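Structure record follows, encoded as structure tokens.
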Protein chains: 2
Amino acid sequence: MIRLSTKTRQAQIKEAVLEIISSEGLSKLSTKNLAAKVGVSEGAIYRHFKSKKNILLSVIEDVYRNLVVNQKAISESDMIPPIKLFTFLCKQIKYLINNKGVTILLLSQANNANDSDLKNKLLEILIAQKEMIIQIVEEGINKGVWDKNLDCDAFVTLYMGIPAILNIELVLNKGTFNHENFCNKMFVLLERILKM
Amino acid sequence: MIRLSTKTRQAQIKEAVLEIISSEGLSKLSTKNLAAKVGVSEGAIYRHFKSKKNILLSVIEDVYRNLVVNQKAISESDMIPPIKLFTFLCKQIKYLINNKGVTILLLSQANNANDSDLKNKLLEILIAQKEMIIQIVEEGINKGVWDKNLDCDAFVTLYMGIPAILNIELVLNKGTFNHENFCNKMFVLLERILKM
DNA sequence: TACTTTTGTAAGTGAGTGTTCACTTTAATA
DNA sequence: TATTAAAGTGAACACTCACTTACAAAAGTA
């Protein structure tokens, strides 16, 4: 038996979570399967995490660190607003496609809705993304690029629908997907809303 | 013990399914809970349905009959395209809010994705809705109301994001919601995309 | 009334769940 | 080299799951 540090095991476990979700589905995510995937006993899992719930919380925290922090860099950069919005959208879509397990986890847990800790973490991510987009849009309006009569909140809701529906279609269709083309198409539509 | 016909019991069971989902969450939807909600033993459930999966399939078939058929009537009516699209959107949003259990079921089962029968039924509903919207949009374009350069498929994807994100927000926020105002706001944005 | 069918119940099945336990192995340090 | 703490084991825990069985009682039919 190989012995590794808690830190590396935690990383392995979290990776295994996403692998199982995206290849076998959320319902197959048992501690038994998880242990088997990592190549370790079930008891060892509980050496490195307090509970299954804590594993999922930790995964979601990673999402925040990896995706949201990355997006923040874009929203605070000095690109001009249209480029900024496009880059932001592409980043989000790309992440969504490359980390299918994450989004299935996010949306399914959102619907199960039993656990308020998990739900709060999800809301946090959702709100963070909304605020960044509002910021981008308002910057565009202030710089005179976009229409000042625009309802920002409504626009953000419509925007957030894109990752939401994309996830559903990815799961249902399970097929191949041209993400760059998708981003372009969506951005064209968004610009028609924004333009003066 | 009261004895009722299979038909009425089936209806009671399906109603109980949606009640449990929307008030307690999908994870509480066990055959045990279901039987308790109907006021009947667990065995009685299996007198009227072959399996739990069949219960869910039957619920989803009801959605098709109630929502999709209703939407079809709108899309085939003789309203002018803008009114038609607005009516269609409102109907969908209203249904989504009044039948929260249904949408949680639809989206969560979509994510679980183990069962291809359920998945196919979901895809059927999704595709049916998409086709109706495409029809409405194309009618608008043909009648010269909307821009003929519009990418219909992309528009439909963006449109379908509205119910998708709304569902997520409803589950996460759990708060009150002004749906008429919501429809108006979304329609204003959609029209900006469509207009010539 | 007598017989069959339908609808119901209570108790039970085996498999699966997340979690804990006493215990063993490993590796670094005193 | 001996000690100690971290890491791993696998069986067992209490529980839930979807589903089945054996049998009772009501309803329908003759």
Side-chain angles (χ1 to χ4, degrees), chain A residues 1-21 24-60 104-105 108-109 111-118, chain B residues 1-21 24-60 105 108-109 111-119:
Chain A
M1 69 191 188
I2 306 160
R3 296 164 58 84
L4 298 169
S5 72
T6 287
K7 202 174 175 183
T8 47
R9 281 296 191 212
Q10 283 180 333
Q12 287 181 348
I13 291 167
K14 287 188 276 186
E15 201 181 334
V17 166
L18 298 182
E19 272 178 40
I20 291 174
I21 292 177
E24 301 170 52
L26 192 66
S27 61
K28 290 279 151 60
L29 185 70
S30 64
T31 46
K32 193 180 175 181
N33 271 350
L34 201 45
K37 190 74 145 191
V38 177
V40 104
S41 75
E42 226 175 323
I45 299 286
Y46 287 89
R47 181 74 61 188
H48 306 297
F49 282 103
K50 210 185 95 203
S51 65
K52 189 186 176 185
K53 172 185 149 186
N54 273 56
I55 299 176
L56 298 184
L57 273 174
S58 184
V59 169
I60 295 177
I104 293 174
L105 176 66
S108 262
Q109 287 302 317
N111 282 337
N112 270 1
N114 288 323
D115 197 289
S116 61
D117 289 340
L118 276 172
Chain B
M1 68 196 187
I2 306 161
R3 296 164 56 83
L4 297 169
S5 73
T6 288
K7 203 173 174 182
T8 46
R9 280 297 190 210
Q10 283 179 335
Q12 288 181 345
I13 291 167
K14 288 189 276 185
E15 199 181 334
V17 166
L18 298 181
E19 273 179 41
I20 290 174
I21 293 177
E24 301 170 51
L26 192 65
S27 62
K28 289 280 151 58
L29 184 70
S30 63
T31 46
K32 191 181 176 181
N33 272 350
L34 201 46
K37 190 74 146 192
V38 177
V40 103
S41 74
E42 223 175 326
I45 298 287
Y46 286 88
R47 182 71 67 184
H48 304 298
F49 282 102
K50 208 184 96 201
S51 64
K52 188 185 176 185
K53 172 185 147 185
N54 272 54
I55 299 176
L56 298 184
L57 272 174
S58 185
V59 168
I60 294 176
L105 176 66
S108 261
Q109 287 301 318
N111 282 337
N112 270 4
N114 289 322
D115 197 288
S116 61
D117 289 342
L118 275 172
K119 257 181 58 178

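Residue numbers begin at 1 in each chain, while the letters A, B, ... track the order of the sequences. Because the structure is a prediction, the values reported are computed rather than measured.
Residues A/L29 and A/N33 are not in side-chain contact: their nearest non-hydrogen atoms beyond the backbone lie 4.5 Å or more apart. Looking at B/I20 and B/L18, their side chains never come closer than 4.5 Å, going by heavy atoms from C-beta outward.
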Quick one: which protein N/O atoms are closer than 3.5 Å to N/O atoms of nucleotides 26-30 of chain C? Pair and distance per line, please.
residue: C/dT26; atom: O2; partner: A/R3; partner atom: NH2; Å: 3.1

Letter by letter from the 5' end, nucleotides 17-23 of chain D scores (B base, S sugar-phosphate only, - none; protein heavy atoms under 4.0 Å) SBBB---

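Residues satisfying the side chain to side chain contact (heavy atoms under 4.5 Å, CB included) test with B/E19, not counting sequence neighbours, are B/E15, B/K37. Residues that satisfy the side chain to side chain donor-acceptor pair (under 3.5 Å) test with B/N54, not counting sequence neighbours, are B/S51. Evaluation of the side chain to side chain donor-acceptor pair (under 3.5 Å) rule for A/S30 yields no partner, not counting sequence neighbours. Checked against side chain to side chain contact (heavy atoms under 4.5 Å, CB included), B/S58 has the following partners two or more places apart in sequence or in another chain: B/K14, B/F49. Looking at residues two or more places apart in sequence or on another chain, you find a side chain to side chain contact (heavy atoms under 4.5 Å, CB included) between A/I45 and A/I13, A/L34, A/A35, A/V40, A/I55. By the side chain to side chain donor-acceptor pair (under 3.5 Å) test, B/S41 is found to be paired with no residue, residues two or more places apart in sequence or in another chain being considered.
Looking at residues 11-18 of chain B, you'll see that no heavy atom sits under 4.0 Å from any atom of DNA chain C.
At a threshold of 4.0 angstrom between heavy atoms, the contacts of B/I45 with the nucleic acid are absent.
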Walk me through it: do B/V59 and B/L57 pass the test side chain to side chain contact (heavy atoms under 4.5 Å, CB included)? CA-CA 5 Å; B/V59 168; B/L57 272 174; over 6 Å; no

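For the OP1/OP2 pair of C/dG8 and a distance below 4.0 Å, the side-chain nitrogens and oxygens of B/H48 include at least one atom meeting the criterion. Proximity of B/R9 to the phosphate of C/dT6: no side-chain N or O atom is located under 4.0 Å from OP1 or OP2. Phosphate proximity of D/dA6 to A/S5: absent, as no side-chain N or O sits under 4.0 Å from OP1 or OP2.
Of all non-hydrogen atoms in A/Q12 and A/R9, the two that sit nearest each other are OE1-NH1, 2.7 Å.
Summarising the geometry, the separation between CG on A/L34 and C1' on C/dT17 is reported as 13 Å, rounded to the nearest angstrom. One interatomic measurement links the two molecules: CG of B/L4 to P of D/dA26, which rounds to 14 Å at whole-angstrom precision.
Residue pairs meeting the salt bridge (charged side-chain N to carboxylate O under 4.0 Å, His left out) criterion with at least one partner in residues 40-58 of chain A, sequence neighbours excluded, are A/K53-A/D115, A/K53-A/D117.
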